[in-house]
Amino acid sequence: LVTRWNPLAAWFYTDCYLRFSFADYDPKKLKNKYAHLTNNSISKHAEDFEEQRDETMWHSDEFREHLAGLGFQRDGKVVEDPWREIVQPAMKNAVLRSLECAQDNVMHRPNSFELFGYDFMIDEDLKVWLIEVNSSPDLSYSTSTTKGLVKSMIEDMMAVVVDVEKFGVKMERPKKKWGSCRLQSGAFELLEPAKRRKEDKFRKLRKDAQSLAILGAGLKLRKPKKGECPKGPDAEDDPRFSATALLEAADEINEELVEDAVHMEEDDDEEDEEEEDD
């Protein structure tokens, strides 16, 4: 659930469902489409599908229990809760990074939000693979699992939009101690709450800043005149005007700014901890 694009505010729904193919995979029967595809639009045409439709889907809670009972090991140690410790963090990371890739190409509209449906595949090593992202995902009830899950998700989504983000109540997004305060957001979880806390401290742009413009005229390239290049046209650039030298200098400045930002971040975290203790 995206409630803001720039700066980005993304909410991850911690409950989900798993789809299974209607038929078991058999390498001797490669033409059996019901063993390859999990789409409900395909499986519903299989014989006896109506009687077995609920067997083609699990709630994430069932999958979590299944993974916990496998004794999955990492670095020689048994992972007690692979779903929460391995799978779900990877899904959250994929969601956040994919939205960050697109955020500059989406025109933000105040008091608007969008729900996306993410499709993942998980291999035997519990590595998460992003298959696709769906805008306006299907919210119909294909099984008893989705019937309960979709209803809960819609209620939680409205709680986030109205109660937490204050859509229709405030034009500016609310400021909170994201990550440490209690939110009535149901199963929705704000991604990177610490980053949002820092963004809330940014100063607003002045109204006249939006009217700034760059004026200039294009220059046509020409061959150098006699005497303009005493060392020849292929000579090394003057470091005062060299693009390469200027970029290197800019990189050094950026590194200093990053270091300053890290120190400021540590100071802000200490201030937040002091406020929470008070």
Side-chain angles (χ1 to χ4, degrees), residues 1-2 8 10-46 49 52-75 77-103 114-150 152-154 156-157 187-192:
L1 174 64
V2 177
L8 182 66
W11 296 82
F12 181 90
Y13 200 64
T14 54
D15 290 337
C16 62
Y17 60 84
L18 285 79
R19 286 191 182 277
F20 299 93
S21 58
F22 181 78
D24 293 335
Y25 176 74
D26 187 346
K28 297 180 181 179
K29 299 179 180 179
L30 297 180
K31 293 184 178 181
N32 183 4
K33 59 183 178 181
Y34 301 122
H36 292 278
L37 303 174
T38 62
N39 304 61
N40 184 68
S41 57
I42 301 296
S43 298
K44 67 181 182 182
H45 298 293
F49 173 76
Q52 302 179 45
R53 65 164 59 227
D54 285 344
E55 297 179 14
T56 63
M57 185 177 291
W58 271 6
H59 189 283
S60 54
D61 289 343
E62 295 178 81
F63 188 53
R64 181 183 178 185
E65 293 179 5
H66 172 73
L67 292 179
L70 294 179
F72 185 83
Q73 294 187 6
R74 173 161 289 186
D75 299 328
K77 296 181 180 179
V78 176
V79 181
E80 294 184 2
D81 192 347
W83 173 254
R84 288 290 177 86
E85 298 178 40
I86 299 177
V87 178
Q88 201 171 74
M91 294 168 66
K92 292 178 180 178
N93 183 65
V95 169
L96 187 60
R97 303 311 165 205
S98 62
L99 292 174
E100 288 177 338
C101 291
Q103 69 177 125
E114 186 163 3
L115 181 69
F116 294 94
Y118 276 72
D119 290 348
F120 294 99
M121 182 169 60
I122 304 172
D123 63 22
E124 60 183 1
D125 296 322
L126 299 189
K127 188 172 182 179
V128 175
W129 301 86
L130 175 60
I131 300 176
E132 65 176 358
V133 184
N134 300 291
S135 60
S136 302
D138 182 19
L139 300 180
S140 60
Y141 308 150
S142 56
T143 66
S144 59
T145 300
T146 50
K147 184 176 182 179
L149 192 60
V150 169
S152 298
M153 186 279 298
I154 292 177
D156 293 345
M157 180 174 64
F188 274 106
E189 180 180 306
L190 178 65
L191 298 179
E192 290 197 348

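Numbers here simply count residues along the sequence, with the first being 1. What you are looking at is a predicted structure, and each value in this text was computed from that prediction instead of being measured.
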Nearest 0.5 Å please: distance from the [atom1] atom of [X] over to the [atom2] atom of [Y].
X	Y	atom1	atom2	answer
Ser60	Arg84	OG	CZ	8.0 Å
Leu1	Phe12	CG	CZ	12.5 Å
Asp81	Phe72	CG	CZ	12.5 Å
Trp129	Phe120	CH2	CZ	13.0 Å
Phe49	Glu55	CZ	CD	10.5 Å

Exercise for the section: Please work out which of the three classes, parallel, tilted or perpendicular, describes the rings of Trp58 and Phe20, given edges at 30° and 60°. Expected result: perpendicular
Practice task
Give the ring-plane orientation class for Phe22 versus Tyr34, where under 30° counts as parallel, over 60° as perpendicular and anything between as tilted.
Solution key: perpendicular
Keeping [X] on the side-chain end and [Y] on the backbone end, is there a donor-acceptor pair under 3.5 Å?
X	Y	answer
Ser152	Leu149	no
Asp123	Lys127	yes
Asp26	Lys28	yes

Handout entry: Under the salt bridge (charged side-chain N to carboxylate O under 4.0 Å, His left out) test, residues paired with Arg53 that sit two or more places apart
Key = Glu50
Validation: residues 91-102 side-chain donor-acceptor distances under 3.5 Å, sequence neighbours left out:
| unit_1 | atom_1 | unit_2 | atom_2 | d |
| --- | --- | --- | --- | --- |
| Lys92 | NZ | Glu189 | OE1 | 3.4 |
| Lys92 | NZ | Glu189 | OE2 | 2.6 |
| Asn93 | OD1 | Arg97 | NE | 3.2 |
| Arg97 | NH1 | Glu100 | OE1 | 2.9 |
| Arg97 | NH1 | Glu100 | OE2 | 3.1 |
| Arg97 | NH2 | Glu192 | OE2 | 3.2 |
| Ser98 | OG | Ala94 | O | 2.9 |
| Ser98 | OG | Val95 | O | 2.8 |
| Ser98 | OG | Tyr118 | OH | 2.7 |

